[in-house]
Structure formats: C-alpha cells, structure tokens
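A short write-up of the structure that comes next.
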Amino acid sequence: MNARVAPLASPAAPLSEASAGISVTNATVTYRNGHTALRDASFTVPTGTITALVGVNGSGKSTLFKAIMGFVRVSRGDITILGQPVEKALKQNLVAYVPQSEDVDWNFPVLVEDVVMMGRYGHMNLMRIARRSDHAAVDEALERVGMSAMRKRQIGELSGGQRKRVFLARALAQDGRVILLDEPFTGVDVQTEAAIIELLRGLRDEGRVMLVSTHNLGSVPEFCDRAVLLNRTVLAYGPTRETFTRANLEKTFGGVLRHIVLDTNIDGGSIDIISDDESPLLLGSGAQAQAPVEELETRR
Ligand SMILES: Nc1ncnc2c1ncn2[C@@H]1O[C@H](COP(=O)(O)OP(=O)(O)OP(=O)(O)O)[C@@H](O)[C@H]1O
C-alpha cells in the first residue's frame, strides 16, 4: 500500500472548528426485539486522533457504529458529529464508514473502481453522473491504498487484505472528515496491517477523526492515541496510556481474555501476555494490575 500522506483530490474543509469529532452522551440503543445493546454510553473522540473501540463479541461495537451512522436510533441520549446532530452530519457527507467484511455481499457483481466511486455518491446530484473531480478522487484513493492495478477486478476475486483496501479507498474517495472502521485488521496479514496503520496515521495528521474497532489489543498502544472500552456501556475512555490498564482490560474482556504468564528464566523474570488471540499484548516482568501503557510492550 502506498502510505504516503498526500492531499486528497478534493481536500477536506479546515477541521479545527469543532474540537469534539464525535460526542456520545448517555446513548442507549434498544433493538426492536427489546434487546438493549448499549446503555448510557458516553465518550468523546477529539479531532486529529485515532481512537480504538475495544470489547468482546456482542459488546455493542457495531451497534455504536450503526448509531453514529444513523442506521439505528438512540432511544435515549445524544450523538453529535463535529458539533452537529447525526442526521445533519450525514447529509453533509461528513462520515465515512469502512464495514466489517462479513457485512459486504462479495458476490455482488461490481468492479473495484465502482465500489470506490460509491464513496463519491454523496458529492453527486440525483442522476449520479460522475464528474472529472469524482474520477480524480477515485484515482487518487486507489493509488493511495495501492489498488490502482486491480481497479477492473470484480470485488469477489480479491483477497481479504485487498478487500479492506478497497473499502478504505471508498472512504478516502468520500473525503469524510470522520472515518469509522469496523475491524479493519481482521483477516489481513501483518504487512497489510502495518500499511493500514500508516495510512490511518496520515489521515490523523490531516486532522480527521477516526474510530477503529479492533480485536488486536497488541496494536492499540502502537497507533491509537485514545481508547474506548466497551461492554454494553462505556467502561473507560481516554488516552490509551491511562485506559489500557490490565484492570480495565480484565473488566472489559472478562473470561474471554487469555492471561498467560511465561517464565522467561532470565533474572527469574516472567512476561505476562494478555490476548484475545489475534495480536497479543505483552506486559513486562512484574507488571502491576494498574500498570500504565508506557510499561506495555507490543509484539506480533
Ligand atoms: N438487529 C438486531 N436486533 C436485535 N439484536 C441485535 C441486533 N444487532 C445486534 N444485536 C445484538 O446486540 C448485541 C450487540 O451486537 P453488536 O453487533 O453491536 O456487537 P459487536 O460488539 O459489534 O460484536 P462483534 O465483535 O461480534 O462484531 C448482541 O447481543 C447482538 O446479538
């Protein structure tokens, strides 16, 4: 992936007017079957940051994304995006969404470049006739994720990592100032993960707002400034170094988290590994339950 930080074809407007990129206040989401997936959730995601959204399966991560995207309504509480109500922000095309792979119909007969052009729909009129600027944005986005050579391929023919790149390119083409990424690292190799992280860092430097749900605990301290720990409500949020403590992680992941202690035989020391399997988080020898993140080391 070409991870250079380049201006987009249609650069975003200045991003400084609202410091809270996403603000969620006491949000409760109850599905039609009566199941409350999210209760009284509150947190903010500042602009120019990457925030990790971590929690077990079923903790409400996708529900939260759906609420921010206006796909489900909050029955109580409030969500604002760059200071605006969700509906208004969506109308202004402020939010781009990179879905989980499972949420996409990969048999749908569509080319890579068509998927990326979908990111431009909000910029077009009702007839959806692409202008030169739309084609330029698609070209640039494909280039930026290293998928230009595959633009004429059917999406069903792509590997897991390539599929992620295509949907990232769609978000880039949309030029959303807020980007939501649902499990961007699932099913991708280490090299693609590193390239995606590099791309996200570039977007952060442009002042965009990113909320990234991930199971890769090990990579969170590496690239996320902040973290939101979720289990049907927000258990903790704030700078990663303050929230990513063993106590908070254990509260969030409960019995799902594997906690392995390796005896290193070096100075009689040991290494604690906290893992939900994909990318483990290593805690140094003798780490205390409240160890802040600067004591944590990550390794793949
Ligand atoms: N449309 C729906 N109707 C009823 N319940 C739902 C619906 N969608 C999700 N749920 C339930 O809400 C809870 C939260 O689901 P959600 O998909 O938000 O979790 P998640 O944290 O994204 O999980 P995963 O990590 O597996 O993607 C789950 O118990 C799920 O069964």
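Values below: all heavy atoms of this structure, side chains included; hydrogens, waters and symmetry mates excluded. One-based numbering, in listed order, for ligands and for the atoms of each.
- With ring centers used as reference points, F185 lies under 6.0 Å from F223.
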Residue pair L142, R165: steps toward the side chain to side chain contact (heavy atoms under 4.5 Å, CB included) verdict:
CA-CA 8 Å; L142 283 168; R165 290 168 194 239; over 6 Å; no
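- Residues N248 and T243 have side chains that never bring a donor and an acceptor to within less than 3.5 angstrom of each other.
- Donor-acceptor pairing under 3.5 Å is recorded for the side chains of Y31 and T63.
- Ligand 1 is surrounded by Y31, N33, H35, A37, V56, N57, G58, S59, G60, K61, S62, T63, Q100, H215, each with at least one heavy atom closer than 4.0 Å.
- N93 and H123 share a side-chain donor-acceptor pair at under 3.5 Å.
- At a threshold of 4.0 Å, the pair E206-R144 counts as salt-bridged, since one of the basic side-chain nitrogens sits closer than that to a carboxylate oxygen.
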